Structures are given as structure tokens and as C-alpha cells.
Protein chains: 4
Amino acid sequence: MTRQGWEVGILGATGMVGQQLVRRLEGHPWFRLAWVAASERSEGRRYGDIPWLLGGSIPAYARDLRIEKPVPGRAPRLLFSALDAEAAGRHELAFAEAGHLVVSNARAHRLFDDVPLIIPEVNADHLDLLPAQRAARGWTGAVVTNPNCSTIFLALVLAACRQFSPRRVLVTTFQAASGAGHPGVASWDLLGNVVPFIEGEEEKIETETKKILGTCGGSGVTPAPFVISAQAARVPVLDGHTEAISVEFERPPAEDELIDALETFSGLPGDVDLPSAPEAPIIHLSERDRPQPRLDVHRADGMAVCVGRVRRCPVLGYKLVALGHNTIRGAAGAAILNAELLAARGWVGEGAQSWS
Amino acid sequence: MTRQGWEVGILGATGMVGQQLVRRLEGHPWFRLAWVAASERSEGRRYGDIPWLLGGSIPAYARDLRIEKPVPGRAPRLLFSALDAEAAGRHELAFAEAGHLVVSNARAHRLFDDVPLIIPEVNADHLDLLPAQRAARGWTGAVVTNPNCSTIFLALVLAACRQFSPRRVLVTTFQAASGAGHPGVASWDLLGNVVPFIEGEEEKIETETKKILGTCGGSGVTPAPFVISAQAARVPVLDGHTEAISVEFERPPAEDELIDALETFSGLPGDVDLPSAPEAPIIHLSERDRPQPRLDVHRADGMAVCVGRVRRCPVLGYKLVALGHNTIRGAAGAAILNAELLAARGWVGEGAQSWS
Amino acid sequence: MTRQGWEVGILGATGMVGQQLVRRLEGHPWFRLAWVAASERSEGRRYGDIPWLLGGSIPAYARDLRIEKPVPGRAPRLLFSALDAEAAGRHELAFAEAGHLVVSNARAHRLFDDVPLIIPEVNADHLDLLPAQRAARGWTGAVVTNPNCSTIFLALVLAACRQFSPRRVLVTTFQAASGAGHPGVASWDLLGNVVPFIEGEEEKIETETKKILGTCGGSGVTPAPFVISAQAARVPVLDGHTEAISVEFERPPAEDELIDALETFSGLPGDVDLPSAPEAPIIHLSERDRPQPRLDVHRADGMAVCVGRVRRCPVLGYKLVALGHNTIRGAAGAAILNAELLAARGWVGEGAQSWS
Amino acid sequence: MTRQGWEVGILGATGMVGQQLVRRLEGHPWFRLAWVAASERSEGRRYGDIPWLLGGSIPAYARDLRIEKPVPGRAPRLLFSALDAEAAGRHELAFAEAGHLVVSNARAHRLFDDVPLIIPEVNADHLDLLPAQRAARGWTGAVVTNPNCSTIFLALVLAACRQFSPRRVLVTTFQAASGAGHPGVASWDLLGNVVPFIEGEEEKIETETKKILGTCGGSGVTPAPFVISAQAARVPVLDGHTEAISVEFERPPAEDELIDALETFSGLPGDVDLPSAPEAPIIHLSERDRPQPRLDVHRADGMAVCVGRVRRCPVLGYKLVALGHNTIRGAAGAAILNAELLAARGWVGEGAQSWS
């Protein structure tokens with residue numbers, strides 16, 4: 001079968017999120033992985049020879065790729081970035097300037113005025129920042145980002161309740177080991193323990209969510225007018241961030257209205273049909289002790305946010321529990337979904353290719 | 001050495017909390033364990049032959065005690081109850097009616113109007129309910145209770161801030177396996193997982209705290225006028241409940257005033273000196289990633305609540321993290337402290353004995 | 001599409017292994033689940049309403065099955081038994097006597113002289129016991145069993161080395177929580193711990209392996225002439241038993257011969273093609289730190305045994321590490337493979353049906 | 001109170017074992033910690049300001065020590081070395097040459113012909129190598145080492161059975177996270193997992209044990225004439241290495257003789273009384289499921305090896321399970337015990353001091 005689509009590359013292909021990208025791009029209907037880059041330590045190695053973190057074996061299709069230096073040049077136009085924040089800060093703008101579309105999972109540029117911070121089901125319209133970004137910077141490329149993992153799950157929940165105007169939000173997170181990358185947290189520090197601090201995490205949740213749910217004005221985003229307070233902790237879980245959320249709405253719904261809003265939320269603009277989009281971005285579980293990371297994190301192939309325990313909160317009105325897969329819906333899958341949105345909207349289209 | 005004190009017994013001596021009572025009564029300066037009782041399954045066995053859950057060996061002093069039926073009779077006047085709620089409901093009143101002082105860790109009678117729900121550092125004055133309890137019920141005995149484990153840690157924190165008038169409180173708990181007793185939660189259900197539901201736990205935190213910090217009027221307690229919302233989850237931790245707390249105060253302090261109030265809180269009435277009372281009931285840790293259950297739960301021999309990460313909360317004003325040992329400060333140690341308070345106040349005094 | 005095959009039922013459908021059977025029978029090309037039975041506690045309930053232990057949701061196809069009493073009658077002729085040993089002892093023979101083919105995972109009848117203890121890749125010829133079983137007992141049904149989980153993995157490894165005549169075998173196991181069923185081991189007992197005792201496990205490994213690799217003489221099996229010593233321990237792993245094995249061979253191979261024998265082992269008789277059989281029953285991993293349960297247990301859909309670290313043992317000649325999925329290759333998958341073998345050999349054939 | 005004793009220092013004071021040394025030297029009756037050194041990264045810092053890995057707080061007595069460069073000079077004569085192997089290789093000989101007594105936990109010099117590898121209860125007489133060491137090297141100082149953690153536990157067991165002449169030994173280890181130091185193994189790699197490989201560990205067990213139980217001839221040690229085969233694995237346990245051991249004896253005892261030999265083993269030469277020596281170096285537990293790391297690792301303050309499940313092994317004659325605390329009996333406590341032996345034998349005596 002001959003298919004048409006786009007060649008893609010990955011910046012930071014050897015880390016936890018980079019490997020999830022490689023795994024999830026296997027057999028992708030639109031994208032074909034043709035290029036991987038990583039830091040100096042891995043440069044020049046065969047991709048099949050790096051330590052594979054995800055269980056099973058490195059997908060056969062990617063094994064013979066050679067790991068490149070992260071410099072513009074022979075890289076495909078569409079690039080995923082799973083670089084750490086520091087490296088992203090150094091490399092992403094250079095690639096965009098050189099004409100690449102950089103779909104980034106890193107935090108480095110998320111809060112820049114002209115950089116879209118996108119969850120397709122929540123704010124696909126924020127892509128309207130791109131013309132201004134290109135104009136201001138004189139680029140033919142672009143940088144588009146996805147939010148922090150914990151933020152994505154909270155933002156999807158709040159987006160599903162937009163009609164009730166969330167005003168005050170408290171969230172406490174139970175975050176998985178994979179969220180810290182690899183090697184991340186030492187087993188000595190996490191086994192049988194709770195670490196009630198994750199560098200920068202609470203700030204990201206408190207600020208990124210407001211940009212995502214804000215109003216895009218072409219050259220910038222007016223943040224959403226609500227207040228968020230986050231407490232973030234690491235727990236001995238492999239994959240899946242759980243969030244205990246309390247929300248105060250300006251127009252509080254009845255409980256069944258709220259559940260209905262969560263269950264029927266789709267969010268995606270009607271004109272796009274993205275291959276990685278879950279049938280429903282939010283899955284409501286009615287059992288009283290769900291969601292649980294070990295049992296629910298893989299629903300909808302890791303691309304849905306599971307919510308449960310929706311009930312009255314004596315302080316803020318409503319409380320509930322949400323769960324998302326931090327390296328899939330919260331990172332690699334989020335970036336791929338963003339790239340699909342870009343493609344569906346014609347931003348990648350110029351370079352479509354055929355292959356068999 | 002001849003000492004004077006009181007013989008004591010334990011109802012429910014074979015469970016997780018019962019065993020902590022046995023361990024902590026070893027060498028107690030005032031109390032001498034002379035009697036243990038448990039459910040039918042264990043009745044008649046030597047205490048030294050039960051499965052010991054706590055590591056190491058059963059304390060030698062208790063090994064030759066014979067496990068009795070939980071019926072009044074030859075039991076000492078002062079009894080600890082570590083029965084489960086259902087058994088407590090059946091047995092505790094019968095013992096009190098038969099003239100025993102029942103110091104209970106069970107939830108069965110905590111919310112009865114005439115039953116004191118005591119944390120000595122918080123509301124020792126609630127013992128004033130006892131004359132009314134005896135009068136109304138025609139007892140020579142009495143029932144005194146300690147709160148639920150998670151509640152104790154929260155109540156101590158709020159008591160230390162009483163002067164600032166807490167008004168709205170949100171708490172999310174990360175609770176340890178030992179809190180569910182033994183066998184409790186199956187390893188299959190808890191390994192690498194978060195279970196965001198604990199039967200009855202949120203309700204206990206939301207109601208008990210208000211009684212503890214309420215005003216005792218002799219024949220009843222007027223609950224404290226604040227609102228609490230709790231979300232409780234089980235995490236793969238052995239001992240130690242961590243709590244992420246947000247508080248709104250009517251008279252908000254400066255941050256250093258708040259920390260000072262926590263650090264200097266003592267709470268115990270000046271006229272009592274209880275052997276199990278920690279030097280300070282609250283230990284403030286200034287490291288940015290503390291308290292952690294595995295590292296801090298044993299401070300002050302498990303009798304202190306550790307707090308850390310005191311900082312502004314954009315929604316309610318302040319947020320912080322608290323931690324307590326759920327089977328010590330939250331159960332066995334709490335009950336012993338209550339019994340010491342009763343003794344110091346003369347309620348146990350009638351039957352003091354000498355032994356060598 | 002109309003397919004032809006057999007209706008099947010499950011005895012003990014609500015436990016850990018019963019649920020794995022339900023999951024793995026979904027879409028099975030030969031078998032259609034039509035009947036589930038369980039102990040009294042669940043009898044009469046809808047299968048979709050039981051607590052599902054395996055993550056995600058109960059497969060839709062099985063939700064509306066009503067849970068029956070475990071008594072012969074309307075049950076399909078071919079039955080899987082995931083009963084515990086005690087219940088298996090009571091029910092399996094009754095079903096066989098009533099004409100059912102009972103493919104059992106329970107230990108109750110494994111060591112009976114006339115009961116085949118089968119791993120299709122190892123001793124398919126032991127089905128030759130069935131005529132004698134039926135004759136002796138006057139049955140039209142039959143009982144066929146699969147070995148204990150740890151035993152299967154060891155037996156597959158030894159079968160692959162049969163040509164070198166294993167003589168003395170030492171095995172130490174690291175067994176997962178799921179092996180104890182549900183609720184199984186309390187989280188308090190297993191978190192951060194090793195429990196160096198599993199009731200009956202070492203005996204099963206030491207005896208069952210010899211029957212499996214023994215010589216079938218029609219009316220009984222002459223055990224294989226080697227000696228096995230096992231030490232079994234439970235570790236905080238969810239799925240996957242790891243085994244550290246040392247073997248002494250009568251005709252010791254060179255190291256590459258041994259690895260080659262493991263890698264090329266297929267075992268299945270040439271005349272059968274079983275849908276659940278893995279392409280290779282043994283997967284050899286050459287990385288120095290593999291196999292690992294979390295990374296390798298799902299290879300070949302949980303039906304392969306992974307081996308690694310094949311090297312010289314100064315005491316017995318060779319040592320290696322093996323790993324298998326205890327509730328799949330070690331239980332549910334093993335039973336389904338046995339049923340497939342029975343079907344392929346014509347033992348189930350009499351009652352084939354069509355359905356769409 | 002004025003006491004007399006020796007000032008001591010620690011090389012590598014900031015790692016897992018270095019911190020255990022600091023903790024265990026608190027209040028030591030003979031040694032007073034006066035000097036700490038570590039790698040460049042920590043040099044110059046106050047000891048109280050390093051990240052403390054062991055729970056609770058840094059012992060107050062050590063907080064104001066300044067962390068020095070690891071160079072001879074102002075360091076006390078008696079030094080503990082908890083350096084990693086590479087740093088030990090660079091520094092320990094220099095200190096010995098400069099006149100220091102280096103009591104090392106590192107593997108760097110353990111197998112040197114003239115370096116005693118000591119467990120006081122097993123081979124105190126191997127200190128007889130010291131005169132030759134000094135003579136050959138022209139030193140006034142010396143290097144004395146303790147074995148690898150897993151080796152110590154096995155060697156103590158074998159020493160207790162010396163009279164039965166162990167000939168062939170198979171051991172499989174279940175090793176704790178703390179054995180890898182800090183940060184050691186990533187939580188992502190160890191949570192819910194078994195890692196069946198530890199760099200160099202099997203070789204250490206197989207070779208060091210034979211030196212320890214060998215015969216000291218003044219200028220060297222003739223290794224014990226038995227054969228050992230080890231398989232080492234890491235498991236999600238915090239502290240405590242469990243070992244499944246099988247032994248073949250030349251003169252096999254009856255089972256009760258073997259247990260008696262383990263229970264009555266003392267090993268220490270009659271002329272020495274060492275403050276850190278446990279009452280019995282081996283504790284035999286008769287419960288069928290012990291020892292377990294979480295329940296037994298702290299017995300005898302972490303200085304005993306617990307054994308259990310002594311029973312017949314069909315292959316080698318006997319099998320049993322042993323457990324030891326890897327950073328106490330297996331490292332810091334082992335080194336302190338060796339230093340005490342040196343002191344008791346007069347090797348440290350020259351520089352005894354008084355302090356209050």
C-alpha cells in the first residue's frame with residue numbers, strides 16, 4: 001500500500017517521552033519517523049542499541065535509525081521535541097528559525113506570548129497565534145507546545161465544565177515515577193514513600209491551565225479568570241497521575257448535569273478528525289473507588305482522562321478524582337495529537353510525501 | 001523497684017492497633033498490662049502465639065497472657081479498646097456499664113453527645129462531659145474516645161492555628177496500608193497504585209474535627225463553626241498518613257506568624273505532665289520536600305505531627321503538608337495519651353495499685 | 001461471519017485466574033464462553049457486576065452471563081476449572097463423571113496416576129492417559145490438568161534441554177502477588193518485603209516437574225529421573241514469576257549449544273497448530289540484566305517463557321534466569337492451550353457447533 | 001564524665017554507608033568522630049547541610065563538622081572508608097602509607113594478598129596479615145577490609161557450620177535498594193520489579209567467601225576448599241538482603257545438629273569483648289515464613305544474621321534462608337566491628353585520648 005503523509009523527526013528521542021513517541025509513531029497513518037536526535041552522549045549510536053525503558057523491545061521499524069546531533073539540516077520539517085527544558089531552550093527556536101515545525105513537550109516556551117499551548121479538544125483555536133509568531137520572528141517554521149502532564153488532565157476536566165464557569169480550583173496530585181523521566185527519582189527515595197514536592201510542578205499547573213483556557217486574541221492569550229491552587233506529590237506508582245480536585249463554579253450545575261457535561265464532552269472542532277484522538281477525551285467511571293492508576297491508566301490507549309467520585313464539596317461546591325497517563329496523554333500522545341491538528345489544519349501540508 | 005500505678009487491659013489485642021498498644025505499654029511508668037481480650041477466634045490462646053504483625057518479636061512481658069473473652073468480669077478497671085467498630089458497638093457500653101473506664105480507639109461512640117472525643121493537647125476540657133455521661137446512663141464506668149487517625153493530625157494543626165480562626169479547610173490524604181488494619185488492603189490492589197476511596201474516612205474527618213475543636217458545654221459539644229472537605233486515598237506506604245491541607249482563616253496571619261504558631265504549639269493543660277506526650281506535638285520541618293512518611297513518621301517516637309511546605313494558597317490563603325503515624329499518634333499512642341490524661345485528672349485514681 | 005467451534009464454560013470464573021480466562025476467551029477462534037459458575041457468594045449475579053480485578057472493564061461479551069452454581073447440568077461439555085484446590089477436589093470429578101471434559105488449573109488432581117498433567121509443548125503424548133482414565137472410572141468425560149505456574153516455566157526450560165539429560169536442578173523463585181489469587185497476600189505483609197515461604201509451592205515444583213517430563217506408559221507416568229530442589233519466595237511484583245535456576249546435565253552442552261537449544265525449542269507436535277501457542281515457547285534475551293518481570297512478562301502475549309543470563313555455574317554446570325507470566329502462561333493461558341490441544345486431537349470434537 | 005578512646009574519621013561520609021557510620025558512631029563508647037571527608041562536590045560544606053538519607057535528622061553531634069578533602073594530614077589515625085571502589089583505590093593506600101589505619105568497606109583492596117578481609121566472628125586471626133603488610137609496604141599505617149554485604153551473611157552462616165565442612169554452596173540473593181547506594185537504582189526500574197543482575201556481585205560472593213573462611217598463613221590466605229555459585233537479584237526492598245542458600249557438607253549433620261550449630265555460634269575470640277558485637281551473630285527463627293527483611297532486619301540492632309527454614313535439600317543436602325541488614329551488618333556496622341577488633345587487639349592503642 002502506498003500512503004501519503006509526512007516524515008517526522010524526534011528531538012530527544014532517547015528519554016522516557018522520546019521512547020513513547022517512537023512507540024506511538026509505529027504504524028501511524030500520517031507520520032513516518034525518519035530521523036531521531038539526542039544529546040551528545042547518544043549521538044552516532046544506532047537507535048536499536050540504546051537502553052529501552054518501556055518494556056518489550058525497541059520497535060523494529062526504528063532500530064536502524066542513526067541518532068543525530070540536534071541541529072537543523074537534514075531533519076524533516078515536522079519535529080517532535082521531547083528535550084528537557086534546558087536543551088529545549090537552546091534548540092527549539094533554532095529549528096523553528098530554520099523552517100521546522102517544532103511540536104514540543106518541553107516547558108521552555110509554553111508561556112511565551114506568541115507560542116500556542118494546545119490541547120486540541122480544549123483550545124484548537126489558539127493555533128491562531130501562529131501567523132503572529134511567524135510574522136514577529138520572521139520564521140517559516142513555528143513552535144507549538146503541549147502543556148505539562150498534570151495540567152492537561154485538569155484542563156480537560158475544566159474545559160468540559162466551561163459552561164458552568166469554574167472560578168476557584170484546588171488540586172492535589174499523586175504523580176507517578178515516570179513523570180520524572182529516567183533515572184528520575186531514586187528507588188530509595190520513593191519506595192513506600194510520598195514525596196510532597198516536585199520542582200516547578202505546582203507553578204506549571206497554576207499558570208498553564210489559565211493560558212489554555214484563556215481567550216486567544218491573535219497576538220496573545222488573555223488568561224482565564226479563575227484561580228488555581230495546586231499541591232503536587234510523587235507516589236510509588238509507575239504510570240498515571242491521579243488528581244483530587246475541588247471546584248467552585250460561578251453557575252453551579254446539578255450533580256447529574258455536571259456528570260453529563262463530563263461524559264458528553266468532545267471538544268474537538270467539528271472539522272477535524274485526528275487519528276490519535278480518543279473517542280471521548282473524558283471517561284466517567286461510576287464505581288465508588290475509581291479511577292485508579294493501575295487499573296484505568298490504559299483506557300482508550302492511554303489517551304483519555306478518567307474521572308470518578310464526582311460529589312459535593314462542602315467548601316467549594318464539587319469535588320472529583322481525575323487520572324491521566326502522564327507519558328501518553330500527558331506527553332507523547334499529547335504532542336502527536338497536536339501534530340495531527342497542525343496537519344489537519346494545513347500547517348504541515350506543504351511537504352506531504354508518498355511512501356510504501 | 002516498687003511502683004504504683006494501674007493495671008490495664010486491652011479489648012481487641014490481636015489486631016494492628018492492639019499490637020501497637022501492647023508494644024507501647026511495655027515498661028509504661030503508670031500502666032501495667034494485665035489482661036488481653038479478643039474475638040472468639042483467638043480466645044484461650046497464649047498471647048505469645050498469635051501472629052505478630054509489627055516486626056521483631058512479641059514483647060516478652062506479654063507473651064504469657066491468656067487471651068480472654070471480651071466480657072466484663074475479671075478485667076482491670078481501665079481498658080483500652082482497639083476493637084473494630086462493629087465489635088466496639090457491641091462491647092464497649094457493656095464494659096462501661098459494668099464499671100470500666102473504656103478508652104476507645106473505635107469510631108462506634110465518638111459522635112455520641114455525651115462521649116468525649118479527646119486529643120489531650122486540643123480539648124482536654126471535653127472530659128467535662130464525663131459527669132453528665134455517668135449521670136445520664138447511671139454508670140460508674142465511662143467511655144472516652146480518640147478520633148480517627150487522619151482527623152487527629154488535621155485537628156492538631158488546626159488547634160495550633162485556633163487564634164487565627166480557621167473557617168474553611170480542604171484536605172487530601174495519602175493514607176498508609178496499616179490504616180486499614182490487617183489483612184486490610186490486598187497487595188494486588190495497592191502495589192504501584194492509588195486507591196482514591198476509603199470507606200467512611202472523609203465523613204469522619206469532616207465531622208469529628210468539628211466536634212474536637214468545638215465548645216464543651218457540660219452536657220454536649222457545640223461543633224466548631226468551620227467547614228471541612230476531605231478527599232481520602234490509600235497509597236503504597238506502610239505507616240504514616242500524609243495530608244495536603246489548605247486553610248482559610250478569618251484573621252489570616254503573616255506566614256512567619258503561622259509557622260511560629262505551629263512551632264510553639266503545646267496545647268497540654270499546664271497542670272498535667274503525661275509520659276507519652278511528645279515534647280512538641282507539632283514539628284515544623286523547613287526542608288522544601290518534607291515531611292515524608294518514610295523519613296519522618298518516627299520522629300518523637302511516632303507521637304508528633306510533622307508539618308512542612310507552609311506557603312500561600314491562591315484559593316484559601318494558606319497551604320501546607322502534614323504527616324502523622326497512623327497507628328501510633330493516630331491510634332494506640334492517642335489512646336494511651338487519653339488514658340494518661342484520665343489518670344492525671346483523677347478519673348482512674350481510685351484503683352491505683354503497687355507492684356514490683 | 002459464521003464460525004464453528006465449541007461452547008465452553010468456566011468453573012470458578014470470578015477469581016484472578018477465572019477472570020484471565022474470560023479475558024483470553026474473548027474472540028477465541030474455537031471457543032465461545034457460554035456459561036460461568038462460581039461459589040455460592042456470587043451465584044445468581046450478573047457476571048458484569050462482579051469486582052473486576054484485571055484493569056479496564058469486564059469484556060462486554062461476558063457481562064450478561066448469569067453466574068451459575070457449580071453443578072453439572074446445563075453446562076457446556078468443555079469446561080475450564082479455575083477453582084481453588086479444595087473446591088476443585090469437590091466438583092471436578094463430578095463434572096467429569098457427568099460427561100464433561102474438565103480442563104483444570106487446580107492442583108487437586110494433578111498427581112493422580114490417570115490424570116494427564118500437560119504442557120502441550122512438553123508432553124502432549126501424556127493425553128494417552130485419557131483412555132485408561134475413562135475406562136477405569138467409567139466416564140464419558142475426563143479431567144486434564146495443567147501444572148502449577150512456577151512448574152510450567154521450569155518444565156519448559158528443562159524440556160528444551162532434554163537432549164542433555166538434566167540430572168540435578170536447583171531453583172529459587174521470586175513470585176508475584178497475583179500468584180496468590182485475590183485477596184491473596186495483604187499489602188502490609190508484602191510492601192517492601194520478601195516472604196520466603198509459599199504454602200505447598202516447593203513441593204509442587206519438586207514433584208510436578210518430574211511427572212511432566214516423565215514417560216507415559218498408557219496407564220501411568222514414570223517420573224523423570226532427575227532431582228529438583230526449590231526455594232520459593234513472594235516478592236512485591238504484580239505479575240510474573242522469576243526463577244534463578246542451576247542445572248547439572250548428564251551430557252553437558254557447550255554454552256552456545258545450550259542457548260541454541262533454548263532458542264530453537266518448539267516442542268509442539270508437528271500435527272497440531274494451536275491458536276494460543278506462542279511462536280516460540282522460550283524467548284532468549286541476551287541483555288545481561290534480563291528477563292525482568294515488569295519489562296518482559298507480556299512478551300508473546302504472556303505465553304512465552306523468557307530466559308536470560310545463561311552462564312556457567314561453578315557448582316552444577318549451568319545457571320540461568322527464567323520468567324513467565326503466572327496467571328497467563330502459568331494458569332489461564334496454559335489451560336486454554338490444553339483445551340486447544342484436546343480439540344486438535346479430537347477429544348472435544350463430538351460437540352462442535354456453529355454460531356455467528 | 002571523662003572517657004578515654006580514639007578519635008576517628010570517615011572517608012566518604014556523605015553516601016549511604018558513610019551516613020550509617022555517622023549514625024552508629026553517635027555515643028560510641030570507644031570512638032569519637034572528629035573528621036569527615038568526601039568528594040569534591042561536598043568539600044567545605046557543613047556536615048549538617050548535606051542531604052540526609054536515613055530518616056529523621058542528622059545526628060546533632062556531627063552537624064558542625066566541616067567536610068574535608070580526602071587527603072592525609074589533619075585526619076585522625078583511625079579512619080573508616082566508605083568510599084566507592086574507584087575512590088578507595090585512589091585514596092586508601094595513600095592514607096595507610098601516611099600512617100593511618102584504614103578500616104575499609106570498599107572492595108578495592110579486599111582481595112590483595114596482604115590485606116585482611118575480616119569478619120571478627122569468623123576470622124579475627126587474619127589480622128595476622130598486618131605485620132607482613134606493614135613490612136612489605138614499609139607502612140606505619142594499615143588497610144583492613146570487611147567483605148561485601150551479601151558475602152558477610154553467607155560467610156557467617158558457613159562459619160557456623162565449619163565443623164561439618166561445607167563443600168558446595170548455591171546462593172540466590174534478593175537484595176535491597178540501599179545496597180546500590182544513593183541514588184542507586186531508579187525507581188522506574190525497581191518498582192514492582194526484579195532485576196536479576198548486580199554488577200560484580202556474584203563474583204564477590206564467590207571469591208570473598210573463600211578468602212574469609214580460608215587459612216591465614218601470615219603472608220597470605222589459602223582459600224577455603226569449597227565451591228560457591230551465586231545468583232544475585234535486586235528486589236523492591238529498602239534494607240535487608242535475603243539469601244536462599246543450599247549447602248552440601250562433607251560431614252552432614254542431623255537437622256537438629258545443624259540448627260544447634262547455627263544457634264550456638266558465637267565466633268568471637270574469647271579474649272575480646274566488642275561493643276558492637278551482637279549477643280549472637282546468628283538468630284535462628286523457627287516460624288515457617290521467616291526471616292523477612294521488613295520484620296527481621298532490625299533484630300540485634302541490625303548486627304545479627306537471621307536464619308530460618310532450615311530443611312533438607314534434595315540436591316545438596318540442606319537448604320535455608322538467611323537475612324542481614326546490608327548497610328549495617330553488611331557495611332557500616334561491619335567496619336565499626338572491625339575497628340573495635342583492631343582496638344581490642346592493640347593496633348589502635350598507641351593514640352588513645354581523653355575527652356569529656
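Convention: sequence-line order gives letters A, B, ...; per-chain numbering from 1. Bear in mind that the values here come from a model prediction, so they are computed numbers and not experimental data.
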Contact origin within [X] toward chain D - heavy atom pairs under 4.5 Å:
| X | answer |
| --- | --- |
| C/Ile228 | backbone |
| C/Leu323 | neither |
| C/Leu190 | neither |
| C/Arg309 | side chain |
| C/Val235 | side chain |

Rounded to the nearest 0.5 Å, what separation is found between the OG atom of D/Ser229 and the CG atom of C/Leu170? 9.5 Å

Calculate, to the nearest 0.5 Å, the distance between atoms CG and CD belonging to C/Asp289 and D/Glu199 respectively. 10.0 Å

Looking only at side chains, do C/Gln231 and D/Arg311 share a donor and an acceptor under 3.5 Å apart? yes

Can you tell if the side chain of C/Phe174 reaches within under 4.5 Å of the side chain of D/Thr172, non-hydrogen atoms only? yes

Can you find a heavy atom in the side chain of D/Val169 that is under 4.5 Å from one in the side chain of C/Val315? no

Could you check which of [options] has the highest count of heavy-atom pairs closer than 4.5 Å to chain D?
| options | value |
| --- | --- |
| C/Glu202, C/Glu206, C/Arg290 | C/Glu202 |
| C/Leu238, C/Leu191, C/Val237 | C/Val237 |
| C/Ile198, C/Leu295, C/Val195 | C/Val195 |
| C/Val321, C/Asp189, C/Val194 | C/Val194 |

Measuring heavy-atom distances to chain C, does D/Ser246 have an atom under 4.5 Å in its side chain, in its backbone, in both, or in neither? both

Is the number of heavy atoms from other residues, nucleotides or ligands within 6.0 Å of CG (D/Asp260) greater than 12? yes

Step through the shown structure and confirm whether more than 12 heavy atoms of other residues, nucleotides or ligands are within 6.0 Å of CZ on D/Arg24. yes

For the side chain of C/Lys319 and the backbone of D/Ala230, is there at least one donor-acceptor N/O pair under 3.5 Å apart? yes

Whether C/Asn193 side chain and D/Arg294 backbone form a donor-acceptor pair below 3.5 Å: yes

Max heavy-atom pairs within cutoff under 4.5 Å with chain C, candidates D/Ile245, D/Val297, D/Asp239, goes to D/Ile245

Note: vs chain C, highest number of non-hydrogen pairs under 4.5 angstrom among D/Pro236, D/Pro196, D/Ala177 is D/Pro196

